A.B. asks: 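Shown below is the structure under consideration.
Side chains included, hydrogens not; waters and symmetry mates left out as well; all remaining heavy atoms used. Fair warning: this is a prediction, and the values are worked out from it, not measured in the lab.
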Amino acid sequence: MSLLIVPTEILIKILSCDSVAISDLFHLMCSCREMNQIIQDSNELWRQKFTVRWPCINFQVEDVALWMERVHLRIRLGNEVKGIIQSMSASCYPNGVQAFTPQFVVDKLEALVKQNIHFVEDEIKNLAFESGSLTTHYYAVHLLKKVRTPVLQKKWLNFRSVTNQSELSVTEVDLNARNNNAQSESKPTIWMKGALLVTQWVNMEEKEMPSYRNLENVFNQITQRVKSLVIDNKHISKNREILSTISHVLFNENEMFVPILDESFLQESSHDDDVRPFCVDKVLLASGPRKCHITILCTIYQEVARRMGIDVELVSRVIPPDPDRDSWDDEWDAFGDWGTAELVLRWHEFPEDGEGFTYIDLHDKGSLNRTNPSSYNKSAVSVVTQVGGMINNLAYYAAHNFLDYRMLKFNKLLRAFDPYGNLEFLQVYMLKLALNGECKLDEILSLVESYHCDSTYQDFISEFEKRCRVLLDKAIAKSLLPVLPKHRSSTLKYAVGLVMNSKIVNVETNEIERKICVIVSWDVDPLSTGNQPRPLYTVLLLRGKGYNARSCETYDQDELELHPDPSSVRFDHAELGIHFEKFDGRRFVPIAEKKRHFPQDEEVAMSLIGN
């Protein structure tokens, strides 16, 4: 019985069922000319198949297109993205993309992005977070940052073009938007846009970057809670009581606070999670006490107050020089405020009085006071200063805590926020640290080249650029060398992929400290004394307080022991995918290139953990 005897409308309804895959449609189209024409002409059928297969790709409601062509393009771009990522494992081994991204990858990715950036990003996200392969995840996340960075840079340019119109204060920009009927509760204010852009930059490696839609429900809940308390206490028309209620909800019920920042705080904070105070989504969606950067807390407070019909603006307190403050404090204050009481919110409680301001101290749980106005600057803090101060804080914080690519990441954020700004010592300091670690040399070089417009540091930049090029050329030349098989010495006990405990004696406590790690390579010390060469193992440290997320260390054989229960360990390391395909519950399974590099280790590993 032929399907063609079925009425076309019924046939299309049958083909619209979820059980009929896109590949099935293509097969049916090959069956005969009539079937080909029916399926090809059904634009709505292809639209349904597209939206079911790729639900994260959104189009305008009024968008009109040939959906079969979109399906073809999405499939083709997806296959090409897969091909790029699959090729990177072999071409980038054994160092991954630590030093640079191969040019052929950059060229191919740029060509695909020009055809449809949304399709390319969607495929990369799927591969990064749904493939189950450590290697695919590693290279896909790297490409995801490559795709998203220029998009966010363009957003920053648009943001600055709005805020630079006349260096308006936050409230002035928002009032202008309202006057143009462009402001509503469902749309982010200018300061919220800035906070969201910072958050998106920080979280560009995540599957979905935060958006205002993600935060809308939280702001609605907070606002409704404030309204409920105001109504219960019969303070509907009393703005002072409304602001006190907002402070109560934010500080007491939601446990938001601004931490005191000092050197001990910086030394104790060494994980990615500690950038959460800079991310408005992480603060709003957190449970328990919520540590906030002062600018983020101001943004949240302003947003809730706006929804309650009250305009508040950010001002800075005039703080006289303190001779007792050390140089570290002075250096920090040059980049903005975190732990001092320098920034507060201002509300014009008595408009008839030019100085009738009430100040909201967010360092003191939002307390309201009528302090002498001369203690504060008369002009409100501009949007640029408000957001820029937080970005400087974030970059400076990264310089204290991260000795890897994250310093470069936040340095690029500084440059994206202010493409024409002068090169400051902070940025030079961070770049030097990143360069010393041979981290993303091609990206560092690109960033350095963007500073050619700065005359103050021209000589330094020129010298720095030359040094960067030399290191990059060396890294490229090194990557072209063949990776030869390494044959085991009789003194070697352990193998690549095994989960270990390091045994290091703490010189202060004289106690053995154990760190969980995984072996990624080994060697023998040719300068070792005695008859037998000394085995050395390169390991990735997987977790523990104070660990750098990308730490790689070398241990003697007698400083290592097999972990008794690898399946109980939470593994989290940015570079696992360079070396391993997956974790099988007992060990990390090496990628094909690693197996060829250490051909005898498979047998040794299985003998140690059991077949």
Side-chain angles (χ1 to χ4, degrees), residues 89 93-96 98 132-138 270-273 403-404 486-525 528 532-611:
S89 177
Y93 181 81
N95 298 311
Q98 293 172 322
S133 166
L134 293 172
T135 304
T136 300
H137 173 79
Y138 172 78
S270 56
H271 300 284
D272 275 330
D273 286 347
L403 299 178
D404 54 36
K486 298 185 70 169
H487 297 285
R488 297 178 63 88
S489 164
S490 59
T491 58
L492 284 165
K493 181 178 178 181
Y494 302 118
V496 167
L498 291 177
V499 180
M500 312 295 292
N501 277 328
S502 65
K503 303 178 295 180
I504 304 298
V505 177
N506 187 312
V507 293
E508 296 181 358
T509 63
N510 203 32
E511 296 180 353
I512 294 179
E513 292 184 351
R514 287 177 166 80
K515 296 180 180 180
I516 302 170
C517 55
V518 58
I519 297 173
V520 297
S521 67
W522 49 256
D523 212 330
V524 290
D525 185 359
S528 57
Q532 299 292 334
R534 180 167 64 105
L536 298 173
Y537 296 88
T538 301
V539 303
L540 296 179
L541 298 176
L542 295 180
R543 72 172 195 174
K545 185 177 181 180
Y547 283 28
N548 188 306
R550 294 170 61 87
S551 331
C552 188
E553 294 188 4
T554 301
Y555 289 117
D556 288 336
Q557 186 162 272
D558 55 6
E559 294 176 326
L560 294 172
E561 63 182 8
L562 281 171
H563 192 284
D565 186 14
S567 62
S568 65
V569 178
R570 174 182 173 268
F571 300 107
D572 184 14
H573 197 288
E575 296 173 7
L576 283 170
I578 299 176
H579 312 279
F580 308 108
E581 179 183 345
K582 63 180 180 179
F583 178 68
D584 67 3
R586 298 177 299 169
R587 62 156 187 155
F588 283 94
V589 179
I591 61 175
E593 292 74 24
K594 180 73 73 176
K595 290 180 179 178
R596 288 192 289 269
H597 194 183
F598 299 92
Q600 300 168 318
D601 278 39
E602 181 86 4
E603 182 179 351
V604 174
M606 298 309 295
S607 68
L608 290 173
I609 63 176
N611 293 319

A.B. asks: Let's go through Y494 and L560 carefully: what are the C-alpha distance in whole Å and the side-chain angles of both, what is the deciding distance for side chain to side chain contact (heavy atoms under 4.5 Å, CB included) to 0.1 Å, and is it a yes or a no?
C.D. replies: CA-CA 9 Å; Y494 302 118; L560 294 172; 4.2 Å; yes
A.B. asks: So which heavy atom on P535 is nearest to which on T491, and how close?
C.D. replies: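 Smallest interatomic distance, heavy atoms only, reads CG-O, 3.5 Å.
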A.B. asks: Is it true that Y93 and H597 share a donor-acceptor pair across their side chains at a distance under 3.5 Å?
C.D. replies: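 There is such a pair between these side chains.
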A.B. asks: Can you measure from CG (D601) to CG (L608) and round to the nearest 0.5 angstrom?
C.D. replies: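 If we round to the nearest 0.5 Å, D601:CG and L608:CG are 10.0 Å apart.
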A.B. asks: Which heavy atom of T135 sits nearest a heavy atom of F580, and at what distance?
C.D. replies: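 Minimum heavy-atom contact is OG1-O, 2.9 Å.
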A.B. asks: Would you check if E602 and R587 make a side-chain contact, meaning some heavy-atom pair closer than 4.5 Å?
C.D. replies: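 The answer is yes, as the side chains (C-beta and beyond) meet within the 4.5 Å cut-off.
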A.B. asks: To the nearest 0.5 Å, what is the distance between CZ (F598) and CD1 (I519)?
C.D. replies: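 Reported value, rounded in 0.5 Å steps: 10.5 Å.
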A.B. asks: Is a side-chain donor-acceptor pair under 3.5 Å present for E593 with S89?
C.D. replies: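 Result is yes, a qualifying pair exists.
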A.B. asks: Would you give the length of the straight line joining atom OG of S502 to atom CG of D556, rounded to the nearest 0.5 angstrom?
C.D. replies: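 It is 12.0 Å, given to the nearest 0.5 Å.
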A.B. asks: Indicate the atoms forming the closest heavy-atom contact of I578 with G96, along with that distance.
C.D. replies: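 Distance-wise, the nearest heavy atoms are CG2-N, 3.7 Å.
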A.B. asks: Taking side chain to side chain donor-acceptor pair (under 3.5 Å) as the test, write out the residues that go with Q600, two or more places apart.
C.D. replies: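 For Q600 there are no side chain to side chain donor-acceptor pair (under 3.5 Å) partners, ignoring immediate neighbours.
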A.B. asks: Would one find more than 12 heavy atoms of other residues, nucleotides or ligands at under 6.0 Å from atom CD of E603?
C.D. replies: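 Open.
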A.B. asks: Is the number of heavy atoms from other residues, nucleotides or ligands under 6.0 Å of K486 NZ greater than 12?
C.D. replies: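 It does: K486 NZ has more than 12 such atoms within range.
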A.B. asks: Looking at every heavy atom in both E581 and I591, which two are closest together, and how far apart are they?
C.D. replies: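 For E581 and I591, the tightest heavy-atom pair comes out as N-CG2, 3.7 Å.
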A.B. asks: How long is the gap from CD1 on I609 to NE2 on H563, to the nearest 0.5 Å?
C.D. replies: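 Nearest 0.5 Å value for the CD1-NE2 distance: 14.0 Å.
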A.B. asks: Where the side chain of R586 meets the backbone of L498, is there a donor-acceptor pair that is under 3.5 Å apart?
C.D. replies: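 Judged by distance alone, no pair lies under 3.5 Å.
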A.B. asks: Is the closest basic N to carboxylate O distance between E559 and K515 below 4.0 Å?
C.D. replies: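 Salt bridge: no.
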A.B. asks: Please evaluate residues F583 and V499 with respect to the criterion side chain to side chain contact (heavy atoms under 4.5 Å, CB included), reporting the C-alpha separation (whole Å), side-chain torsions for both, the decisive distance (0.1 Å), and the verdict.
C.D. replies: CA-CA 10 Å; F583 178 68; V499 180; 4.1 Å; yes
A.B. asks: Distance alone, cut at 3.5 Å: any donor-acceptor contact between the side chains of Q557 and Y537?
C.D. replies: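 Looking only at side-chain atoms, Y537 and Q557 do form a donor-acceptor pair, the distance falling under 3.5 Å.
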A.B. asks: With rounding to the nearest 0.5 angstrom, report the CD1 to CZ distance, I516 to R570.
C.D. replies: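 It comes to 11.0 Å.
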A.B. asks: Do N95 side-chain atoms and Q98 backbone N/O form a donor-acceptor pair below 3.5 Å?
C.D. replies: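 No; zero donor-acceptor contacts below 3.5 Å.
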A.B. asks: For residues F588 and V496, determine if any side-chain heavy atom of one lies less than 4.5 Å from a side-chain heavy atom of the other.
C.D. replies: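 Heavy-atom side-chain distance check fails, nothing below 4.5 Å.
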A.B. asks: Any ion pair linking K503 and D558 (charged N to carboxylate O, less than 4.0 Å)?
C.D. replies: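 So D558 does not pair with K503 through a salt bridge.
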A.B. asks: Tell me the closest heavy-atom pair linking H579 and P94, and the distance in Å.
C.D. replies: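 Minimum heavy-atom separation between H579 and P94: CE1-O, 3.9 Å.
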A.B. asks: First locate atom CZ of R514, then atom CG of N501, and finally report the distance between them rounded to the nearest 0.5 Å.
C.D. replies: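 It comes to 6.5 Å.
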A.B. asks: Evaluate the side chain to side chain contact (heavy atoms under 4.5 Å, CB included) criterion for residues Y555 and V539: first the C-alpha distance (whole Å), next the side-chain angles of each, then the deciding distance (0.1 Å), finally the verdict.
C.D. replies: CA-CA 8 Å; Y555 289 117; V539 303; 3.5 Å; yes
A.B. asks: Do V518 and M500 have side-chain heavy atoms sitting under 4.5 Å apart?
C.D. replies: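 No - every pair of side-chain heavy atoms lies 4.5 Å or more apart.
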A.B. asks: Taking all atoms of both residues into account, what is the closest heavy-atom pair of D565 and S568, and its distance?
C.D. replies: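 For D565 versus S568, the nearest heavy atoms are O-OG, 2.7 Å.
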A.B. asks: Under 3.5 Å, side chain of T136 to main-chain N/O of S133, donor-acceptor pair present?
C.D. replies: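 No, T136 side chain to S133 backbone: no donor-acceptor pair under 3.5 Å.
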A.B. asks: Between Y138 and L576, does a side chain to side chain contact (heavy atoms under 4.5 Å, CB included) hold up when you go through it step by step?
C.D. replies: CA-CA 8 Å; Y138 172 78; L576 283 170; over 6 Å; no
